[in-house]
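Ligands are counted one by one from 1 in listed order, and the atoms in each one are counted from 1 as well. What you see is a predicted model; the values in this text were computed from it and never measured.
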Amino acid sequence: MALDSKIPSGPISDKWTSYKDHINLVNPANKRNLDIIVVGTGLAGGSAAATLAELGYNVKAFCFQDSPRRAHSIAAQGGINAAKNYQGDGDSTFRLFYDTVKGGDYRAREANVHRLAEVSVSIIDQCVAQGVPFAREYGGLLDNRSFGGTLVSRTFYAKGQTGQQLLLGAYSAMNRQIGRGKIKMHNRHEMLDLVIVDGKARGIIARDLVSGKIERHSAHAVVIASGGYGNVFFLSTNAMGSNVTAAWKIHKRGAFFANPCYTQIHPTCIPVSGDHQAKLTLMSESLRNDGRIWVPAKLEDAKAIREGKLKPTQIAEGDRDYYLERRYPAFGNLVPRDIASRAAKERCDAGFGVNKTGEAVYLDFAAAILRYGADQARLKHLDENDTALVIKLGTEVVANKYGNLFQMYEKIVDENPYSTPMMIYPAVHYTMGGTWVDYNLQTTIPGCFSIGESNFSDHGANRLGASALMQGLADGYFVLPYTIGDYLAPDIKLGTISTDSPEFEAAEKNVITQINQLMNNGGTKPADYFHKKLGKIMWDKVGMARNEAGLLEAQAEIAQIRADFYKEVKIPGTADSFNPELAKALRVADFLELGELFAKDALHRNESCGGHFREEYQTPEGEAQRDDENFAYVAAWEYKGNPSDAVLHKEELKFENVKLVQRSYK
Ligand SMILES: Cc1cc2nc3c(=O)[nH]c(=O)nc-3n(C[C@H](O)[C@H](O)[C@H](O)COP(=O)(O)OP(=O)(O)OC[C@H]3O[C@@H](n4cnc5c(N)ncnc54)[C@H](O)[C@@H]3O)c2cc1C
């Protein structure tokens, strides 16, 4: 089946405005007759819910946490991009568009990315108007910093808490609408199925996580904003609760799942410390603005460090390998994440890793502290040859920029990162894949939309730093609230959708059957046991580097774990009460299906691009080797029962405004 991405014809910059004009035809009074369910109230869902309610729709919003403020979005540290060109460094809408398409290794839909770049500037204005406390320069203007894959400073930030501040903005806007009665908020509710009536999404089945009650909720359209599925790897930087269930349930009802194998492995995370860990911690990419990444140049030094006989500060400058600066002189430490991650792996695999397991590299601020300190000494007319003073002044500057991140590192690792380099290693962080959507953000199920990290998004095979918040808020504040009207316009006289229908009954039964099966199977092992096993296979065989043999093994092994799970999982307690183990098991069940499709997708894509690195397809320098002739498409999978039976549909990617070339950051 050829996928219709519904991209309007004409020059790229007209495409977006033509949609806005169309939407303006919808009488605002009619929106009061229309109900919209929004599943997820993170940055994407929260901003969408608030805006839809502001426009006049009746919104029913759902989240599994006890408050929208606890969505995973709160964890976003580094910042949000916008092509404002406040630094006068030559930024523009086109440049942001171009950087994003190139950063994604030419596997994103051009028109979507251009729209994203266009609305990026409005997001900042919107958030400033809400009172989001973005960092400012001394004179009061909004400050910017740089993120990977760009040569301009376009990232707006609020210390290391950008996601939290943006989420509070969206949450405040939502709360206003909750107060007005335009949003009905359902906290601690988990969507467990989608209800389709006459071919259209008309509601959901949700479980009240506190009482265990199964509920029916109807609407004229359903918006999924349920975040990413990085936790399929068990260990990731995602919040512990992040899961694929909502996206997977709509997939099982007919929504195609696109590019599931495109995963972002973030280069700057605190390395794994042991078998009993359940979570990995990100050290924001913003640290790469000032931190220099290195390993010892000599194998014997790396070995001595691993054995505790040498300290990093004892390695002379000439004996260090600043491998990113060496390999990519133009972008240096600010190469995109996929490239930085692979380069770290390459050095560690070659024996230069610096922690006990040999899977860590250094992120070092000593040079930045000296540079900033000398600057400050000069500004304050102090002695710039006084090293102790320079270090003190430089430390203050670094603390002002990244203080909370340094504090977090020290609390976890128990080492002072101002005086000794941090140790970092790549970890699973973000999923570029997700539900396939057309230009209007509608899935292949009419009336079912998907926004934020849960859709297959605008990032192609690799997302640039600070672009997820931009995409989530673009979708939520500026795209979906307008495009959804296009779909809803014919429904204004339809009236409330009844939940008393065979379709609701069947979907509800489906959920209850699965819960009963899990509760009553008499197994002995907790859900985490299976999740960990899945995660290990995903990391070892479907992780940073993949090959055909490993992917084939992974598919078979995951199918086996899934079969074992249904036989052996044990869920204590009852289904009609607060039961976090049951909630977890339901999510793990979906991860166990997604994982197999993930491996199947990675296996079929016989090329390397962005975060998808197939060992068989690399350049002599070890860079990703794309195959544009055969793989310049979005792989959208249709559910057919078992993940192994999923059917592939292709959306060809046409590039009219950028030229396809081998990515280079040298
Ligand atoms: C540590 C970390 C730091 C990051 N830093 C940055 C950064 O600096 N800049 C940047 O651009 N990006 C960053 N990202 C990425 C970014 O945070 C996410 O991509 C983004 O916040 C996702 O927003 P979202 O609204 O799509 O999903 P989320 O914030 O994950 O929200 C998902 C929502 O869906 C709800 N939900 C899910 N499933 C169900 C269900 N079945 N039923 C009911 N509700 C459900 C949840 O309750 C929640 O409300 C970072 C990511 C991590 C992990």
Side-chain angles (χ1 to χ4, degrees), residues 37-49 61-82 123 145 147 155-158 160-167 170-171 174 185-194 204-207 209 217 223-231 236-239 241-250 264 266 268-270 279-286 337 405 408 427-432 434 450-455 457 459 463-473 475-476 583 586-587 590:
I37 285 176
V38 179
V39 177
T41 47
L43 271 177
S47 56
F62 293 78
C63 77
F64 62 74
Q65 292 93 347
D66 54 356
S67 159
R69 281 181 308 167
R70 294 197 193 278
H72 157 75
S73 290
I74 201 171
Q77 302 168 346
I80 174 166
N81 288 331
I123 296 171
R145 53 189 178 199
F147 265 59
T155 305
F156 295 77
Y157 65 100
Q161 309 171 341
T162 314
Q164 179 177 5
Q165 298 306 329
L166 292 171
L167 189 61
Y171 175 67
M174 267 185 81
M185 187 66 222
H186 299 268
N187 296 330
R188 290 195 158 188
H189 275 67
E190 184 139 26
M191 171 198 161
L192 294 178
D193 209 348
L194 179 77
I204 62 167
I205 304 297
R207 179 166 179 269
L209 293 175
H217 296 273
V223 179
I224 302 296
S226 54
Y229 52 85
N231 280 344
S236 89
T237 64
N238 286 192
S242 294
N243 67 84
V244 77
T245 290
W248 194 253
K249 296 301 189 202
I250 65 167
Q264 176 155 92
H266 198 300
T268 55
C269 303
I270 298 181
K279 172 91 188 72
L280 294 177
T281 308
L282 171 78
M283 298 310 300
S284 168
E285 177 162 310
S286 60
R337 292 174 181 175
L405 300 171
M408 189 168 79
V428 173
H429 179 66
Y430 181 88
T431 42
M432 282 77 67
S450 179
I451 61 175
E453 194 175 338
S454 72
N455 73 23
S457 80
H459 310 294
R463 172 174 73 78
L464 291 184
S467 290
L469 301 182
M470 171 172 70
Q471 181 232 332
L473 290 181
D475 288 0
L586 288 164
R587 295 171 190 170
D590 294 326

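Not close to ligand 1: Ile80, with no non-hydrogen atom less than 4.0 angstrom away. At least one heavy atom of Ser467 sits closer than 4.0 Å to an atom of ligand 1. Between Gln264 and ligand 1 there is no heavy-atom distance shorter than 4.0 Å. Under a 4.0 angstrom heavy-atom cut-off, Pro68 registers as lying outside contact with ligand 1. Heavy atoms of Thr41 come nearer than 4.0 angstrom to ligand 1 in at least one pair. Every heavy atom of Gly228 sits 4.0 Å or more from the atoms of ligand 1.
The Phe62 neighbourhood of ligand 1 comprises atoms 44 (N), with distances under 4.0 Å to a heavy atom of that residue. Below 4.0 Å from some heavy atom of Gly227 lie the following atoms of ligand 1, by number and element: 26 (O), 27 (O), 30 (O), 32 (C). Near Phe64, meaning under 4.0 Å from any of its heavy atoms, are these atoms of ligand 1: 36 (N), 37 (C), 38 (N), 39 (C), 44 (N), 45 (C), 46 (C), 47 (O).
Judged by the 6.0 Å distance and 45° axis criteria, Arg587 is positioned over the aromatic ring of Phe64.
For the atom pair CG of Leu167 and NE2 of His72, the computed distance is 10.5 Å after rounding to the nearest 0.5 Å. One distance of note links CD of Gln471 with CZ of Arg463; it measures 9.0 Å at 0.5 Å rounding.
A donor-acceptor contact shorter than 3.5 Å is absent between the side chain of Arg207 and the backbone of Ala583. Not a single donor-acceptor pair under 3.5 Å links the side chain of Gln165 to the backbone N or O of Ala158. Side-chain atoms of Asp475 come within 3.5 Å of backbone N or O of Gly452 as a donor-acceptor pair. Side-chain atoms of Thr162 come within 3.5 Å of backbone atoms of Gln77 as a donor-acceptor pair (strictly under, hydrogens ignored).
Ring planes of Phe62 and His217: perpendicular class, angle over 60° (limits at 30 and 60°).
Which of Ala75, Ala225, Ala170, Ala246 comes nearest to atom 32 (C) of ligand 1 through a heavy atom is settled by distance: it is Ala225. Checking Arg587, Arg463, His72 against atom 14 (N) of ligand 1, the nearest heavy atom belongs to Arg463. Scanning Gly79, Ala76, Gly78, Ala468 for the heavy atom closest to atom 9 (N) of ligand 1 points to Gly79.
Backbone and side-chain nitrogen or oxygen atoms of Leu282 are examined, and none is located within less than 3.5 angstrom of a nitrogen or oxygen of ligand 1. The N/O atoms of Leu43, backbone and side chain alike, include one that comes under 3.5 Å of an N/O atom in ligand 1. Considering backbone and side-chain atoms together, Gln65 places an N or O closer than 3.5 Å to an N or O of ligand 1.
Contact annotation: for His189 versus ligand 1, heavy atoms closer than 4.0 Å belong to the backbone alone. When heavy-atom distances to ligand 1 are checked against a 4.0 Å cut-off, Ala239 has no atom that comes that close, whether in backbone or side chain. At a heavy-atom distance under 4.0 Å, no atom of Arg70 approaches ligand 1. If you look at Ser286 next to ligand 1, there are no close heavy atoms at all, none under 4.0 Å.
Inspection of the Ser242 and Asn231 side chains reveals no N or O donor paired with an N or O acceptor under 3.5 Å.
Remark: minimum distance from atom 31 (O) of ligand 1 to any protein heavy atom is reached at Gly42 CA, 3.6 Å.
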